[in-house]
*Asks:* 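If you scroll down you'll find the structure; I have some questions about it.
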Amino acid sequence: MKFIHSADIHLDSPFKGLRKAPDQVWQLIHDSTYRAFSNLVTTAIKENVDFVLIVGDLFDQVQHSIRADLFVNEQFERLNQKQIPVYLSYGNHDYLNDNTEIINYPKNVHVFSSHPQKEQLTLKDGTTVSIIGFSYDKQAVKEDIVAKFPARDQADFEIGTVHGSLDSLNAPEANYAPFSKTELLNLHYDYWALGHIHKRQVLNEDPAIIYSGNLQGRHKNEPGTKGFYLVSSKGKKLIPKFKEASVINWQTLTIEVTAADTFDEIVKTILHHIEILLDKQPNFIDVKIKNVQALSGAVLTRIKDGSLLEVVQQKLLKNSQSWVYEITPVPAQELSNLSALDSGFWEQSRKKIFTEENVTQIAGKLLNYSFITEALNEKSQDTQLQDLAETLLLENGGREEQNDEDTKD
C-alpha cells in the first residue's frame, strides 16, 4: 500500500504584505501554492499511490476564487483519470458552508462530514483500509472530536486524520479541535495524519503520528523546504518519507557590519551572500544587519528609510531569481552588556509592554485597515518590534555611557 499525507495547502493565499513586489516576483509568489499542489498530484500519479489524504485547509479562506475552484477540480480530475481516490477534510480556514462546493468534485473525491466518519476501501491486492476523519463546520471547533473516533476495526490498516491542535485541551486558545497524544495512541490506529500546524514534525514513530506541515511556505515564519509525506507499507508497518513540493523558499540572511562599511559595500555584501546561496529554488529573503550602531549616521539613515532595500531589489531584478523583501537592523550585542539594572529593567518592561492588548491599543484606528491587522497578527511582528526596541536601547545606552565619559573628562 502507498498513499500521500498532505495538509494546509492554502490555495488563494492573498500574500497581502507582498503586493508591492514587481509583477514577475508577485506572480511567482501568488502562484506558489498552486504549483506546489500540482507537484503533489504529479508525484501521486508517478508513484501510483492508492489514495491521497488532504487534512484540512485546502483553501486559505471560505470565499475562495473561481480560479481556485477550477484549478482544484482540474487536479482532482487528473487523479480521477488514474483512479486515485482523494479523502478531503475541511479545516478552520475553509470550513463547511453554503459555498463549499460551488463546482462539484469528481467522483473520486470523498469529503468528510462535520462528525467523525469512516471511509473503507479495498485495494487491488485485497488489502483493506479504514480512513477516519472529519471537517470543520465553523472556524472555531473547541470540542475534542477525537474522543468520538471509533475503536479500531478489523481492517488491515486503520488511518486517523485530524486537523487540530495537540495538547491544548485545557488551554483558553483551544479553538482548533484539541486532542492529546495519549488519545491517539489509545485508539491503536496504524497511522495518524495531522494538519493545522505548518511546521513539519513527527510526534511518534510507531505508530506514526505526524504533522505534514504546509505544502508551501507563505511568509518568513514558514521557512525551509515544504511538502508532504509519501507513506508505504512494509509488512504491518507504515513507513513515511518526506517529499518536497514547495517552489519558493523563505530564508533569513544575517550579515554583520563595521564602522568602516560604506553604503555601497553593504549592498555588495548582501548581493554576494545571496549569490552563494545556490539553491535550486527562488529564495525570498529577510536580511538582518547586525552591529548597525557602529555605522555612520548617513548610512544608518539610508537603511532605516528603505533606500538600501530599494537598491538591492533593483539589482536583483536584473539577473537573480532571489528577492529581498525586508532589511531589518538588529542589535549585535547582548543586553547583558548593559548594566545589570538596565538588563533587568528591560526584561521586566519587555514582558509588560509587548502584549497583544498594548499593541492593539497603540494601533488604534489603524486596525480598520485589514493589511495592518493581518501584519500585527503575525508572531514575527512581536520579535521585530522587540529587535528595534533593543537597538534603540543599546544606542541610547551607548550614548549615555559616552556622555558619562565626557563628563568625567
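Positions are given from 1 along the sequence.
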*Asks:* State whether the side chain of D60 and the backbone N or O of L11 hold a donor-acceptor pair below 3.5 Å, judged by distance alone.
*Replies:*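 Flag not set: sc D60 to bb L11 has no pair under 3.5 Å.
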*Asks:* Going through the distances and angles, do I274 and L253 end up as a side chain to side chain contact (heavy atoms under 4.5 Å, CB included)?
*Replies:* CA-CA 8 Å; I274 291 173; L253 171 64; 4.0 Å; yes
*Asks:* Over all heavy atoms of both residues, which pair between P150 and L187 is shortest? Give the atoms and the distance, please.
*Replies:*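 Scanning both residues, the minimum pair turns out to be O-CD2, 3.7 Å.
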*Asks:* Considering only heavy atoms from C-beta outward, does the side chain of W323 approach that of V312 to under 4.5 Å?
*Replies:*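 Answer no - side chains too far apart.
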*Asks:* If you count every heavy atom of other residues, nucleotides or ligands that lies below 6.0 Å from D125 atom CG, does the total exceed 12?
*Replies:*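 Atom CG in D125 is crowded, with more than 12 foreign heavy atoms closer than 6.0 Å.
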*Asks:* How would you list, by chain and number, every residue that makes a salt bridge (Lys or Arg N to Asp or Glu O under 4.0 Å) with D156, sequence neighbours excluded?
*Replies:*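 Here no residue qualifies.
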*Asks:* Report yes or no: does T127 contribute a side-chain atom to a donor-acceptor pair with the main-chain N or O of L123 at less than 3.5 Å?
*Replies:*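 A pair under 3.5 Å: no.
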*Asks:* I'd like to know if the side chain of D137 and the backbone of S114 have a donor-acceptor N/O pair within less than 3.5 Å.
*Replies:*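 No, the answer is negative, given that no donor and acceptor are paired below the 3.5 Å cut-off.
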*Asks:* Which residues satisfy the side chain to side chain contact (heavy atoms under 4.5 Å, CB included) test with D206, sequence neighbours excluded?
*Replies:*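 Here the qualifying residues are K237.
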*Asks:* Begin from the C-alpha positions of V86 and H110 and carry the test side chain to side chain contact (heavy atoms under 4.5 Å, CB included) through to its verdict.
*Replies:* CA-CA 6 Å; V86 177; H110 307 270; over 6 Å; no
*Asks:* Apply the test side chain to side chain contact (heavy atoms under 4.5 Å, CB included) to residues N291 and E256: give CA-CA distance (whole Å), side-chain angles for both, the deciding distance (0.1 Å), then the verdict.
*Replies:* CA-CA 6 Å; N291 201 35; E256 187 161 352; 3.9 Å; yes
*Asks:* Output all residues satisfying salt bridge (Lys or Arg N to Asp or Glu O under 4.0 Å) with D261, sequence neighbours left out; order by chain, then residue number.
*Replies:*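 None.
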*Asks:* Decide yes or no for V25 and Y325: does some side-chain heavy atom of the first lie under 4.5 Å from some side-chain heavy atom of the second?
*Replies:*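 Side chain of V25 against side chain of Y325, heavy atoms only: no contact under 4.5 Å found.
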*Asks:* Pick from D8, D57, N92: which one makes a side-chain hydrogen bond (donor to acceptor under 3.5 Å, both in side chains) with H196?
*Replies:*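 Exactly one pass, corresponding to N92.
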*Asks:* Output the distance between atom CZ (F228) and atom NZ (K243), rounded to the nearest 0.5 Å.
*Replies:*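 Spacing of CZ (F228) from NZ (K243) equals 7.5 Å.
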*Asks:* Look at the aromatic rings of F3 and Y191 and report parallel, tilted or perpendicular, splitting at 30° and 60°.
*Replies:*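 F3 vs Y191 ring planes: perpendicular.
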*Asks:* Is it the case that the ring center of Y90 lies less than 6.0 angstrom away from the ring center of Y136?
*Replies:*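 Judged by ring-centre distance (under 6.0 Å), Y136 and Y90 do not meet the cut-off.
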*Asks:* Of all heavy-atom pairs between K236 and F157, which one has the smallest distance, and what is that distance?
*Replies:*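 Nearest pair, atom of K236 first, then F157: O-CE2, 3.6 Å.
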*Asks:* Does a sphere of radius 6.0 Å around CD in E205 hold more than 12 heavy atoms from other residues, nucleotides or ligands, not counting ones at 6.0 Å or beyond?
*Replies:*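 No, CD of E205 has 12 or fewer neighbouring heavy atoms, counting only those of other groups under 6.0 Å.
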*Asks:* Is any side-chain heavy atom of K181 closer than 4.5 Å to a side-chain heavy atom of L166?
*Replies:*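 Yes, at least one pair of side-chain atoms sits under 4.5 Å.
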*Asks:* Tell me, please, whether F15 has R218 positioned over its six-membered ring: NZ or CZ under 6.0 Å from the ring centre and within 45 degrees of its axis?
*Replies:*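 No cation-pi geometry.
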*Asks:* Cation-pi between R67 and Y34: NZ/CZ under 6.0 Å from ring centre and within 45° of the ring axis?
*Replies:*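 That pair qualifies as a cation-pi contact.
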*Asks:* Is a side-chain N or O of S246 found less than 3.5 angstrom from the main chain of K226, in a donor-acceptor match?
*Replies:*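 Yes, S246 side chain to K226 backbone: donor-acceptor pair under 3.5 Å.
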*Asks:* Is any side-chain heavy atom of Y229 closer than 4.5 Å to one of V202?
*Replies:*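 Yes. Closest side-chain heavy atoms under 4.5 Å.
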*Asks:* Can a side-chain donor-acceptor contact be found between N283 and Q251 if the only test is distance below 3.5 angstrom?
*Replies:*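 Indeed, the side chains of Q251 and N283 share at least one donor-acceptor pair under 3.5 Å.
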*Asks:* If we ignore hydrogens and angles and just use 3.5 Å, is the side chain of D190 paired with the main-chain N or O of I159 as donor and acceptor?
*Replies:*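 Not at all, since once roles are kept as given, no pair shorter than 3.5 Å links the two residues.
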*Asks:* Can you find a pair of side-chain heavy atoms, one from R200 and one from Y211, that are under 4.5 Å apart?
*Replies:*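 With C-beta onward as the side chain, the pair stays apart.
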*Asks:* Taking the six-membered ring for Trp and the full ring for Phe, Tyr or His, determine whether the centres of W192 and F179 are under 6.0 Å apart.
*Replies:*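 Between W192 and F179, the centre distance exceeds or equals 6.0 Å.
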*Asks:* Return the CG to OG distance between N214 and S6, rounded to the nearest 0.5 Å.
*Replies:*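 Answer rounded to 0.5 Å: 11.0 Å.
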*Asks:* Minimum heavy-atom separation for S212 to A7, with atom names?
*Replies:*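 Closest approach of S212 to A7, heavy atoms only: OG-N, 3.4 Å.
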*Asks:* Between the side chains of E77 and Q75, is a donor N or O closer than 3.5 angstrom to an acceptor N or O?
*Replies:*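 No - no donor-acceptor pair under 3.5 Å links their side chains.
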*Asks:* Closest approach of Q139 and Y176, non-hydrogen atoms and distance?
*Replies:*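 Closest approach of Q139 to Y176: O-CE2, 3.8 Å.
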*Asks:* CG/L295 to OG1/T258 distance, rounded to the nearest 0.5 angstrom?
*Replies:*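 The CG atom of L295 sits 7.5 Å away from the OG1 atom of T258.
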*Asks:* Checking side chain to side chain donor-acceptor pair (under 3.5 Å) for the pair D12/Q61: CA distance, chi angles, key distance, verdict?
*Replies:* CA-CA 7 Å; D12 252 4; Q61 48 200 324; 4.8 Å; no
*Asks:* Just jot down the side-chain hydrogen bond (donor to acceptor under 3.5 Å, both in side chains) partners of K148, sequence neighbours excluded, or say none.
*Replies:*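 Partners of K148 by the side-chain hydrogen bond (donor to acceptor under 3.5 Å, both in side chains) criterion, ordered by chain and then number, come out as E143.
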*Asks:* Could you tell me whether Q24 atom CD has more than 12 heavy atoms of other residues or ligands within 6.0 Å of it?
*Replies:*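 More than 12 heavy atoms, drawn from other residues, nucleotides or ligands, come within 6.0 Å of this atom.
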*Asks:* Is it the case that the side chain of D286 and the backbone of T252 share a donor-acceptor pair, with hydrogens and angles ignored and the cut-off at 3.5 Å?
*Replies:*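 No; zero donor-acceptor contacts below 3.5 Å.
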*Asks:* According to ring-ring contact (aromatic ring centres under 6.0 Å, His included), who are the partners of F37, at least two apart in sequence or on a separate chain?
*Replies:*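 If we apply the ring-ring contact (aromatic ring centres under 6.0 Å, His included) test to F37, skipping adjacent residues, there are no hits.
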*Asks:* Can you tell me how far the CZ atom of R152 sits from the OH atom of Y189, to the nearest 0.5 Å?
*Replies:*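 Going from the CZ atom of R152 to the OH atom of Y189 covers 9.0 Å.
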*Asks:* List the atom of P282, the atom of Q321, and the distance in Å for their closest heavy-atom pair.
*Replies:*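 For P282 and Q321, the tightest heavy-atom pair comes out as CB-O, 3.3 Å.
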*Asks:* Atom NE2 in H5, atom CG in L194: separation rounded to 0.5 Å?
*Replies:*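 Taking NE2 in H5 and CG in L194, the distance rounds to 6.0 Å.
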*Asks:* Determine whether the side chains of Q314 and E310 contain a donor N or O and an acceptor N or O closer than 3.5 Å.
*Replies:*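 E310 and Q314 do not have a side-chain donor-acceptor pair below 3.5 Å.
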*Asks:* To the nearest 0.5 Å, how far apart are CD1 in I289 and CD1 in I266?
*Replies:*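 Nearest 0.5 Å value for the CD1-CD1 distance: 5.5 Å.
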*Asks:* Can you tell me if Q216 uses its side chain to pair, donor with acceptor, with the backbone of I248 under 3.5 Å?
*Replies:*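 Yes, Q216 side chain to I248 backbone: donor-acceptor pair under 3.5 Å.
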*Asks:* For G217, is there any backbone N or O sitting under 3.5 Å from a side-chain donor or acceptor partner on W250?
*Replies:*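 Present.
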*Asks:* Give me the atom names and distance for the closest heavy-atom approach of A36 to V247.
*Replies:*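 Nearest pair, atom of A36 first, then V247: N-CG1, 4.4 Å.
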*Asks:* In sequence, state the C-alpha distance, the side-chain angles, and the governing distance for K118 and D153, and then conclude on salt bridge (Lys or Arg N to Asp or Glu O under 4.0 Å).
*Replies:* CA-CA 10 Å; K118 179 181 291 188; D153 60 21; 2.9 Å; yes
*Asks:* Treating Q117 as the side-chain partner and S113 as the backbone partner, does any N or O pair qualify as donor plus acceptor under 3.5 Å?
*Replies:*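 Yes; at least one donor-acceptor contact below 3.5 Å.
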*Asks:* Return a table of donor-acceptor pairs under 3.5 angstrom between the side chains of residues 39-54 and protein atoms on other chains or two or more places apart.
*Replies:*
from	atom 1	to	atom 2	distance (Å)
N39	ND2	R35	O	3.4
N39	ND2	A245	O	2.9
T42	OG1	S38	O	3.0
T42	OG1	R78	NH2	3.0
T43	OG1	N39	O	3.0
E47	OE1	K2	NZ	3.1
D50	OD2	K2	N	2.8

*Asks:* Pick one: which of L203, I209, N204 meets side-chain contact (heavy atoms from CB on, under 4.5 Å) with L184?
*Replies:*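 Checked L203, I209, N204 against L184; only one passes side-chain contact (heavy atoms from CB on, under 4.5 Å): I209.
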*Asks:* Check whether any side-chain heavy atom of D264 lies under 4.5 Å from a side-chain heavy atom of V311, and answer yes or no.
*Replies:*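 D264 does not reach V311 side chain to side chain.
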*Asks:* Less than 4.0 Å between a side-chain N and a carboxylate O, is that true for E326 and K220?
*Replies:*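 Salt bridge: yes.
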*Asks:* S233 side chain to M1 main-chain N or O, any donor-acceptor pair under 3.5 Å?
*Replies:*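 Pair found, side chain donor or acceptor close to backbone of M1.
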*Asks:* May I ask you to check whether H64 and D94 show a side-chain donor-acceptor distance below 3.5 Å?
*Replies:*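 Short answer, no.
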